[in-house]
Amino acid sequence: MNIPGRFDDPAPKATEAGISRRQCLAGAATAGVLSMLAIPRAAFAGAQIEEPLIDSVRTALSSAISNRAPPVPEFTSTEARLAYLRWLGEMSQRLKKKIADWPSRKEFLQTVWYESKRSGLDVSLVLGLVQVESNFRKFAVSSAGARGYMQVMPFWTRVIGDSDSAKLFHMQTNLRFGCVILRHYLDREKGDLYMTLGRYNGSRGKSPYPNAVFANQRLWAYDDKARERERDRAAAA
């Protein structure tokens, strides 16, 4: 699979393994309380805090944001493409109640998949974050002024963009900013997803927000190998 414009290598322990054992235990302990968070009614109040960036980091983030590669997945094999299409079909069914229109739903999922992979993030994590932050509402605005699907604070457009915060209501721009920022925080926290999510929300070290994202991430988990085994068993029956 080839992701044009990718700016960093994924951190395997953080992105391939998903959630650490400590995080899974914390999520399980609060599952009953968090069940209502699976369908948030309003933006969770994304409020990334502006922090000084060294020049090299600012340059890297700006470069990642400005790359204009279109969100069109490219694959190195037919099987990789088929696996993506199976994922797309399954996610489309799950997202149908949130985004009814098929072309819009397909464009959104394709872009989430592309931007997540480009930033070395787990797609289910990004979808869980979007659900908590905006409940898939393109024009959501939090009380702190964060905007769009991933509730990006406008100051980021000044720090690493072109200062046009209105662009945060553009789907790909919002998802790209959100994924690039999340990846930046993940690197800052040395792969600790719990602390990363707290930093993203402006509540670093506090449990409600990370636990809510982990709970919603489970709604978007997809195991293609498991689905393939199910299909084989059904065919053999």
Side-chain angles (χ1 to χ4, degrees), residues 1-12 14-16 18 59-131 133-134 136-140 147-152 156-157 160-162 164-184 186-187 217 219-225 227-228:
M1 176 180 64
N2 179 30
I3 308 291
R6 178 167 172 172
F7 71 95
D8 198 359
D9 291 328
T15 59
E16 294 176 10
T59 299
L61 293 177
S62 296
S63 176
I65 290 296
S66 63
N67 185 282
R68 300 303 178 189
V72 178
E74 297 180 6
F75 304 95
T76 57
S77 69
T78 300
E79 180 51 40
R81 176 173 175 75
L82 290 174
Y84 165 75
L85 291 174
R86 288 192 291 270
W87 171 86
L88 180 63
E90 176 64 27
M91 293 302 105
S92 176
Q93 287 301 311
R94 298 185 195 182
L95 190 58
K96 204 168 186 178
K97 291 183 179 179
K98 304 291 185 183
I99 304 176
D101 177 62
W102 159 240
S104 299
R105 194 164 66 248
K106 178 184 177 183
E107 183 183 19
F108 173 82
L109 287 169
Q110 178 174 288
T111 306
V112 167
W113 188 93
Y114 179 92
E115 296 298 340
S116 298
K117 297 290 185 180
R118 180 176 179 267
S119 293
L121 299 170
D122 189 310
V123 184
S124 67
L125 178 71
V126 174
L127 285 167
L129 185 148
V130 170
Q131 181 151 358
E133 286 286 359
S134 68
F136 299 96
R137 291 180 292 121
K138 182 177 182 178
F139 298 104
R147 301 181 177 188
Y149 289 116
M150 295 187 74
Q151 291 291 276
V152 178
W156 281 108
T157 61
I160 59 175
D162 60 6
D164 184 0
S165 60
K167 289 181 179 178
L168 293 177
F169 290 124
H170 177 264
M171 180 186 63
Q172 185 183 0
T173 300
N174 186 275
L175 294 173
R176 176 160 295 185
F177 264 88
C179 287
V180 167
I181 293 164
L182 186 60
R183 180 71 220 190
H184 166 63
L186 186 61
D187 292 340
Q217 179 183 13
L219 301 176
W220 303 100
Y222 178 77
D223 186 341
D224 192 57
K225 296 294 185 182
R227 294 303 175 97
E228 185 176 354

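Heads up: numbering here begins at 1 and tracks the sequence. Values in this document were obtained by computation on a predicted structure and should not be read as measured data.
- The main-chain N or O of T173 is never found under 3.5 Å from a side-chain atom of R176 such that the two would form a donor-acceptor pair.
- D164 pairs by the salt bridge (charged side-chain N to carboxylate O under 4.0 Å, His left out) definition with nothing, not counting sequence neighbours.
- When every heavy atom of L121 is checked against every heavy atom of L186, the shortest pair comes out as CD2-CD2, 4.1 Å.
- Under the 30°/60° scheme for interplanar angles, the aromatic rings of F108 and Y149 are found to be tilted.
- A distance-only check finds a donor-acceptor pair linking the side chain of R118 to the backbone of A64 [under 3.5 Å].
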_Evaluation steps, side-chain contact (heavy atoms from CB on, under 4.5 Å), between L182 and S119_ = CA-CA 9 Å; L182 186 60; S119 293; over 6 Å; no
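- Taking 4.5 Å as the limit, some side-chain heavy atom of F136 sits within range of a side-chain heavy atom of L127.
- Scanning for side-chain contact (heavy atoms from CB on, under 4.5 Å) contacts around S124 gives D122, Q217, W220, with sequence neighbours left out.
- A salt bridge does not link R147 to E133: none of the charged nitrogens lies less than 4.0 Å from a carboxylate oxygen.
- Between atom NZ of residue K117 and atom SG of residue C179 there is a gap of 11.5 Å, rounded to the nearest 0.5 Å.
- For I99 against R105, the heavy-atom pair with the smallest separation is O-NH1, 2.9 Å.
- Between R86 and E90, none of the side-chain N atoms (NZ, or NE/NH1/NH2) sits under 4.0 Å from a carboxylate O, so this pair counts as no salt bridge.
- In this structure a side-chain-to-backbone donor-acceptor pair under 3.5 Å is present from N174 to L168.
- Taking the six-membered ring where the residue is Trp, the centroids of F75 and W113 are separated by under 6.0 Å.
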*asked:* Apply side-chain contact (heavy atoms from CB on, under 4.5 Å) to residues M91 and Y222 and explain how you reach the verdict.
replied: CA-CA 8 Å; M91 293 302 105; Y222 178 77; 3.9 Å; yes
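- Under the rule for a side-chain hydrogen bond (donor to acceptor under 3.5 Å, both in side chains), T59 has no partner lying at least two apart in sequence or in another chain.
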*Verify side-chain contact (heavy atoms from CB on, under 4.5 Å) between Y114 and V72, making sure each step is shown before the conclusion.*
CA-CA 7 Å; Y114 179 92; V72 178; 5.9 Å; no
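- Under the 3.5 Å distance criterion, the side-chain polar atoms of T111 are matched with a main-chain donor or acceptor of E107.
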*asked:* With side-chain contact (heavy atoms from CB on, under 4.5 Å) as the criterion, how do M150 and L175 come out once you've worked through the C-alpha distance, each side chain's angles and the decisive distance to 0.1 Å?
replied: CA-CA 6 Å; M150 295 187 74; L175 294 173; 3.9 Å; yes
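- With salt bridges taken as basic N to acidic carboxylate O contacts below 4.0 Å, one links R183 and D187.
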